[in-house]
Student: 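Quick one: the structure is below, questions incoming.
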Amino acid sequence: MPRPETRMVTLSIDGREVTAPENVMLVDGAKYGDVEIPVFCYEPKLGAPVGACRMCLVEIEGIPKLQTACSTPVKDGMVVHTQTARVHAAQEAIVEFLLINHPLDCPVCDKGGECPLQDISFGWGGGRSRFIEPKRHFQKPLALSPLIAIDRERCILCYRCVRFSQEIAEDYQLVLQERAAHTFVATFDGHPYVAPFSGNIIELCPVGALTSQPYRFRARPWDIEGSGSVCTLCPAQCNVNFTVRDERVLRVLARDHAEVDDGWLCDKGRFAYQAVHVDERITRPMIRDGGELRPVSWERALEHAASALGRAQARVGAIAGGETTNEEGFLLQRLVREVLLSNDVDSRAGGSLSLDLHRALGAPAAQATVSDLEFADAVLVLDCEPVDDAPILDLRIRKGVRRRRVELAVATSRPSSLDPNARLRVRFAPGCAEAFLLALEAAIGTAAGEPRREEVARLAQAAGADAGAVHALADLLTTSGDDVVVLWGERVTGGERGEYAGRALLNVAGRLGLRDRDGAGLLCVPAGTNGRGLAEAGVLPNAGPGLSEVEEAGRDAAGIAAAVAAGDLVALYLLHTDPLRDLPNRGAWEAALDRASLVVAHAAFLTEGIRAHADVVFPAESYAEKEGTVTHPDGRLQRLRPAIGHQGETRAEWQVLAELARRLGRDLGVHTGPMATDQLVAAVPFYAGITLDELGGKGLRWPAREAASAFPAPATAGPFELEPPAPAPAPNGRLRLGTFRSIWAAPEVEVSPALKFLHPRQRAELSPADAQRLKLFPGDRVTVGSDGHSVSAIVALRDGAPEGTVFLETAIPEDSASLLEGPLVEVRKA
Amino acid sequence: MTQLILFKDIDEPGLATLEVYQRRGGYEGMRKALGMSRDQLIAELEASGLRGRGGAGFSMGKKASFIPKGTMDKYLVCNADESEPGTFKDRELMQKCPHMLIEGMIIAAYAVGANRAFIYIRGEYELQAQILERALEEARGQGYIGEDILGSGHSMTLWLHRGAGAYICGEETALLDSLEGKRGNPRLKPPFPANQGLFQGPTLINNVETLATVPHIIRMGGEEYAKLGTPGSTGTKLVSVSGNVRNPGNFEIELGTPAREIIYGLAGGPHEGREVKFWFPGGSSSPVLLPKDLDLPYDFDSMAKAGSMLGSGAIIVIDDANSVVDVALKTAKFYRHESCGKCTPCREGTNWTVRMLERIDSGEATPMDLDIMASVQEQIIGNCLCVLGDAMAMPVGSMIAKFREEFEAHIEAARERNDALTTAVAPPEALIQGAVA
């Protein structure tokens, strides 16, 4: 779907000529002429205007009644008056009406000082009230949820929060109860408003009716400073604004970026800032001494790490976690490759892919952008759950479906929260994306007139999918229009057959003609925040910076675990990762960590693996302290800027890596953060010429720059000749194991006082049919086991879950599904 | 009386059944219409000059002509949420002659190419809903509703939907929201229902009486119908007369009949020894008129010229035994209760007005409050999302303007009454010390 073109029109507002884009609402058009028209209910992010507050009434020549400027599109030759006596009278009337039931408790209200109601009363109100009756009273404040307090007396009933819940997040929880002057905002069932995106209503509220529980009474607007940066808690990399008071982050607000987050934040991004200032955070270097980690000086920690790494020389494996910046990743691979002379460095959880495949999947020509999700003809969500993996994309997809009638198809193993919005849902067995994609490719061929129905049936069966649904999907993707975006989860290319699944994906992309097409393409949701940036910075066993060839490929993450366990490697360098938490196959990692003679970790929290196994721990910076860049899944380099000083004794991590290298006898030539960026840019040909200034506050997509032509071309981008994979195992009374990582599975959620209540416990998601067969009910405790390992879980029924499959969570401290090997498990009542 | 159209056979026993209705010429209009082209039908409707009978008085033919041509999901909705205080004409029409409405809807749906039609009837009309359901069954049984109606190629479904008791759902866009299963709140216009109405599809929405008139227009011909009434207000109108009259009820009149003839002639005038003090010409939301206006012709334009409106044709007569403050308070309370709360002026203005009127009534007001109240009415009028706010502000505003002296006298009398009470129970010292509130 092509983006709408903008034509400019000229109109007159208060006698001055204003040129504004056609069809924008008058409120927005007026801004082009520096005319401000006050609004409360209007918020373009919420979609079509509702015209409820009536604050924006203006006079338009030729129309007898005053019109709401929020709902009147600008037209050529329109003559508008915003300063006539009639308009003033109407605006003063609305302010007077709004204030008659408002408590005017500004001195004790959190919103005071940054409150649109205050500003508009001051700017457009009459400055007096004639209302002498008693005001409306409600019990207050009430907890709308553990995160949000609601003061119904302050509420001006502008509908914003309700519209957000109904039309943006589509959680359908908030409604208006009662009517007339008794109207109030509430959840439809009286239960707390708990939803992944609930916090956005705090920011939407134009008065102090909805306030953040964690921020309540912590600061006034004149105490605070704003500091823009990027949230690195997930790959969505939303742009945020930290509210800082006295070197403490007290709040996170959205920093609207239409190409990244569309102005929304998830509750993790909004409230997990608390983790920056909790006692659990590591802010001093530590060394294991007598079996316990004890704080030591930087000098001792660095010396200890340097000498031990020096002894391990070449027998070191390094893993970078998703929150590592491009610069840190770049310096890590330099440290490992140039100083420690090892090739074993990785940043991917799911195993290594061929360099060619990396190049083919990451090629600028195949790349879709975030906003393409909204303007595409069709979107295929493939083996990922946006609300868990990159939450803000979930809202973007909903927006496309709701406002632009994007045809949405969801092809996953686990049911998705987008299922109700999708035209088509296809389920396949966990880990069978390869067979599914081959079936899809064949089905697209069938749609193009090739007689491959039998092949589709065979492959669909191997994938545990319904062949009819695969054909329907092929139809949808080939007939909806040319702009198709495939949002695929990194787990597609995980596991032993990941390489082939990646090729199958490329085949499908080729069949759909997604390459070299603006508005279409592939968009990967990596497992870690900066998955894309780390690959491009060279944190892969088989690729250097810029996805360049390396002389000798090293071991991937699983290979490192096996080599350490076997004694081939002796030391582990863990940059922002706890393998027991973040990586699959916990058993193998437990063995490796037990055997390793040295484990150096950069960590912010003592998660189980770090607590039990690290020998040297360097305190990791929080994202509010970091300086550097990260790369968005669609290729946008974004800049992290420190909002606060380093907490405790924390140091910049580029500095720690450079210092270690120096102590090991090599000067990496990095003395400031920007120098690290310069080195990275110089080493990655397709980043050539990028400067921090150029990135600025909005970042920059490298695939859209000229230097992108320097991207190394793959030997072939398909089509590949692919063999059909082995079929999905038949459950035979047991269940197939699928895993997922919840949006709330993060140490930051665990330690943030406000979010703690959301931190997940293991639950076994089952289809109602399986539960009935196993005589299980929601809330039952079960043991899920395979090959001698087992975890304990609570049964949760999920409509739309495929029969014969159980889904368990990973990345949680206890009973993580990474303990189980699968692919089949047994579920028994505990 | 003049030639009766809608109420010609209204008291015929069994008119609610298909058999009697057809014996009286029912469904002939439909048969004739199905033989005509859609453009012809709309031309007939425009020629008839029929103006909407629900309250706004917009030309029915013009509204139908706004519905886009072409094949798409188009809807016809009958607004049977008759909730305006004083209005009860649709009730009688649906109760006694449901087929007339159904026939009108079939013709209207055919004229605009709508395949799905709904009757949204107010929840309190349970008996009328049952009667309509029975009539619908009969019509379906005859093939008047369904696939390929009488071989015309036109198909339609027609469903009856019962409201849940909100006045605001008589506002057309709130009605559509309610019909879609949402909270009944008015929508912003534009887009108008003719472009984006029910389920986003083009929608023709008309009052019961308007639709019931359609078969007659088709039978008579639009031009013939237009000969009735006055040039700006053609045809006949059902008026519901209530209040202080001897013979309240529904009457069909030719538009342009003097109001005095309706109130004194048909409804019998006020009771023995009483005088008309003022009257609402078009339901409780119309500005009140005085006895001197009784000789005006009762039609859309004359009422508008007199500063009021014909509205739904509900005349409420108030005689001189009533206090205007009482009437204003009851009126305002009704609209405060029924305001949906979506837009600011209506939600807050109706509430504030009631509070002030209560103070006036209880003697806690001063004449200055009358100025404030009058100004609040002005702040409401024209500034709301829909016309509910105006529906309170216009009559209340007109009462203050026309009966200001009575309001002032009422304030004074109530204050004196209060003073008498306080001096009787409390000694003056206590008052000075503020011991008595």
Student: Verify the neighbour count for atom CZ of B/R404: are there more than 12 heavy atoms of other residues, nucleotides or ligands below 6.0 Å?
Tutor: yes
Student: Of all the heavy-atom pairs spanning B/T344 and A/C53, show the shortest one and how long it is.
Tutor: OG1-O, 2.9 Å
Student: Distance-only, no hydrogens or angles: does the A/T183 side chain make a donor-acceptor pair with backbone N or O of B/G341 under 3.5 Å?
Tutor: no
Student: Looking at B/P190, B/G349, B/C340, B/P186, which has the largest count of heavy-atom pairs under 4.5 Å with chain A?
Tutor: B/C340
Student: Less than 4.5 Å to any heavy atom of chain A: does that hold for the side chain of B/E338, its backbone, both, or neither?
Tutor: both
Student: Once you round to the nearest 0.5 Å, how far does CE of B/M368 lie from CZ of A/R130?
Tutor: 9.0 Å
Student: So which of B/M356, B/E358, B/R336 has the biggest tally of heavy-atom pairs under 4.5 Å with chain A?
Tutor: B/M356
Student: Rounded to the nearest 0.5 Å, what separates atom OH in B/Y167 from atom CZ in A/R179?
Tutor: 11.5 Å
Student: Which is it for B/E364 and A/I132 under the side-chain contact (heavy atoms from CB on, under 4.5 Å) test, yes or no, and what are the steps along the way?
Tutor: CA-CA 11 Å; B/E364 289 161 63; A/I132 56 167; over 6 Å; no
Student: B/I380, B/V376, B/L388, B/N383: which one forms the most heavy-atom pairs within less than 4.5 Å of chain A?
Tutor: B/N383
Student: Relative to chain A, which segment of B/C346 carries a heavy atom at a distance below 4.5 Å: side chain, backbone, both, or neither?
Tutor: neither
Student: Supply the atom-to-atom distance A/R54 CZ to B/E348 CD, rounded to the nearest 0.5 angstrom.
Tutor: 14.5 Å
Student: What part of A/A89 lies closer than 4.5 angstrom to a heavy atom of chain B: side chain, backbone, both or neither?
Tutor: neither
Student: Which one, A/K65, A/E96, A/E92, leads in non-hydrogen pairs under 4.5 Å with chain B?
Tutor: A/E96
Student: Can you tell me which portion of B/R187 sits under 4.5 Å from chain A's heavy atoms? Options are side chain, backbone, both or neither.
Tutor: neither
Student: Quick check for you: to the nearest 0.5 Å, what is the distance between B/T350 atom OG1 and A/F97 atom CZ?
Tutor: 9.0 Å
Student: So for atom CZ, which belongs to B/R116, do other residues, nucleotides or ligands contribute more than 12 heavy atoms lying within a distance under 6.0 Å?
Tutor: no
Student: For B/K189, I'd like to know if atom NZ has over 12 heavy atoms of other residues, nucleotides or ligands within 6.0 Å.
Tutor: yes
Student: Using non-hydrogen atoms and a 4.5 Å limit, figure out which bit of B/R355 sits close to chain A: side chain, backbone, both or neither.
Tutor: both
Student: Rounded to the nearest 0.5 Å, how far apart are CG of B/L188 and OG1 of A/T72?
Tutor: 8.0 Å
Student: So, taking the atom named SG in A/C41 and the one named NZ in B/K342, what distance separates them when rounded to the nearest 0.5 Å?
Tutor: 8.5 Å
Student: Chain B: which of A/L57, A/N101, A/I100, A/V175 shares the most heavy-atom pairs with it under 4.5 Å?
Tutor: A/I100
Student: Of the backbone (N, CA, C, O) and the side chain (C-beta and beyond), which part of B/N351 lies under 4.5 Å from a heavy atom of chain A, both, or neither?
Tutor: side chain
